[in-house]
*Asks:* 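Attaching a single structure in structure tokens format; questions to follow.
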Amino acid sequence: NNREPTGHIVQLRTFPATAAVAAELALHAGAPVTMIERVGLADRVPVTLSRTYFDATRFPGLLDRLRYLPSISAALAAEGLTDYRRQRTRVTARLPTAAEASLLQAARTRPVLVCANLDVDGPGRPVGYAIVICPGARVQVVFEP
């Protein structure tokens, strides 16, 4: 849309999976997951806050690769996964938390869209689970086959 896309990493870490994240990635609760939290910008205006989770055992070098590679796809390719697809996107709306509103430079009284995405590999095994939060007034979500 003729906007300059940029972004920055807020945090990058490995920790025990919550029950909800573990279920999405077909892991046991407490299994190690790598998470990248990133703010995406369009013309220097925050439009997304994403938290993407990966099985840290399946992708042991992903944490370090995400520090210097330009994209998640490039980091996964360096881990040996060159092809994956979106299996599901679930969209809901809610008010942002104080931390989300701050990172998105948005009012706490304005709804955000919450897109929960599951990516899988060729055989259908979970690759990554993402929660993407978008200020409702700044984005348009389009689903096309």
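All values below were derived from every heavy atom in this structure, side-chain atoms included, with hydrogens, water molecules and symmetry-related copies excluded.
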*Asks:* Atom CG of Leu25 and atom OG1 of Thr57: how far apart are they, to the nearest 0.5 Å?
*Replies:* 11.0 Å
*Asks:* Apply side-chain contact (heavy atoms from CB on, under 4.5 Å) to the pair Val33 and Phe15, showing each step before the final yes or no.
*Replies:* CA-CA 6 Å; Val33 292; Phe15 58 93; 4.1 Å; yes
*Asks:* Go through the steps to decide whether Val132 and Val114 satisfy the test side-chain contact (heavy atoms from CB on, under 4.5 Å), and finish with yes or no.
*Replies:* CA-CA 6 Å; Val132 183; Val114 181; over 6 Å; no
*Asks:* Mark yes or no for whether Asp43, through its side chain, and Glu4, through its backbone, hold a donor-acceptor pair below 3.5 Å.
*Replies:*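 Side chain of Asp43 to backbone of Glu4, a donor-acceptor pair under 3.5 Å: yes, one is there.
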*Asks:* Which atom pair, heavy atoms only, marks the closest approach of Pro126 to Ala26?
*Replies:*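 Heavy-atom minimum between the residues: CG-CB, 4.1 Å.
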*Asks:* Where do Ser73 and Tyr84 come nearest, in terms of heavy atoms and distance?
*Replies:*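 Closest heavy-atom pair between Ser73 and Tyr84: OG-OH, 2.7 Å.
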*Asks:* Among the clusters formed by ILVMFWY side chains lying less than 4.5 Å apart, do Leu12 and Val127 turn up in the same one?
*Replies:* yes
*Asks:* Could you tell me the separation between the CZ atom of Arg85 and the CG atom of Leu118, rounded to the nearest 0.5 Å?
*Replies:*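 Output value for this atom pair is 9.5 Å.
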*Asks:* Taking the side chain as every heavy atom from C-beta outward, state whether Thr89 and Val91 have any atom pair closer than 4.5 Å.
*Replies:* yes
*Asks:* So, for Leu69 and Ala74, which heavy atoms are closest and what is the spacing to 0.1 Å?
*Replies:* CD1-O, 3.7 Å
*Asks:* Can you confirm whether Arg88 sits close enough to Asn117 that some side-chain heavy atom of one is under 4.5 Å from a side-chain heavy atom of the other?
*Replies:*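 Sidechains of Asn117 and Arg88: no contact.
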*Asks:* Going only through I, L, V, M, F, W and Y residues with side-chain contacts under 4.5 Å, is there a path from Leu104 to Val139?
*Replies:*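 Unlinked, Leu104 and Val139 end up in two clusters.
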*Asks:* Using salt bridge (charged side-chain N to carboxylate O under 4.0 Å, His left out) as the criterion, list what pairs up with Arg110, not counting sequence neighbours.
*Replies:* none
*Asks:* Measuring from atom CG of Leu76 to atom CG of Leu81, what distance do you get when rounded to the nearest 0.5 angstrom?
*Replies:*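 Answer for the CG-CG pair, Leu76 versus Leu81, is 5.5 Å.
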*Asks:* Are the side chains of Arg58 and Arg125 in touch, meaning some heavy atoms are under 4.5 Å apart?
*Replies:*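 With C-beta onward as the side chain, the pair touches.
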*Asks:* SG of Cys115 to CZ of Arg86: how many Å apart, nearest 0.5 Å?
*Replies:* 9.0 Å
*Asks:* Looking at every non-hydrogen atom in both residues, tell me the closest pair between Glu100 and Thr97 and how far apart they are.
*Replies:*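 In terms of heavy atoms, the two residues are closest at OE1-N, 2.9 Å.
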*Asks:* Can any side-chain N or O of Arg108 pair as donor or acceptor with the backbone N or O of Pro96 at less than 3.5 Å?
*Replies:* yes
*Asks:* Can Ile9 be reached from Phe59 by stepping across I, L, V, M, F, W or Y side chains whose heavy atoms are under 4.5 Å apart?
*Replies:* yes
*Asks:* What's the spacing between Ile72 CD1 and Ile36 CD1 if we round to 0.5 Å?
*Replies:*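 Output value for this atom pair is 5.0 Å.
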*Asks:* If only atom types and distance count, is the side chain of Glu24 paired as donor or acceptor with the main-chain N or O of Val21 below 3.5 Å?
*Replies:* no
*Asks:* Does Tyr129 form a side-chain contact (heavy atoms from CB on, under 4.5 Å) with Thr52? I'd like the steps, not just the answer.
*Replies:* CA-CA 6 Å; Tyr129 173 64; Thr52 309; over 6 Å; no
*Asks:* Going by the rule side-chain contact (heavy atoms from CB on, under 4.5 Å), which residues pair with Arg138 if we only count those two or more places apart in sequence or in a different chain?
*Replies:*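 Arg138: side-chain contact (heavy atoms from CB on, under 4.5 Å) contacts with Val45, Pro46, Val47, Ala106, Pro135.
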*Asks:* Going only through I, L, V, M, F, W and Y residues with side-chain contacts under 4.5 Å, is there a path from Ile133 to Val10?
*Replies:* yes
*Asks:* Provide the closest heavy-atom pair for Leu95 versus Val112 in the form atom of the first, atom of the second, distance.
*Replies:* C-CG2, 4.3 Å
*Asks:* Would you give the length of the straight line joining atom CZ of Arg38 to atom CG of Leu66, rounded to the nearest 0.5 angstrom?
*Replies:*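 That separation rounds to 11.0 Å.
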*Asks:* Side-chain heavy atoms under 4.5 angstrom apart, residues restricted to Ile, Leu, Val, Met, Phe, Trp, Tyr: same cluster for Leu113 and Phe143?
*Replies:* yes
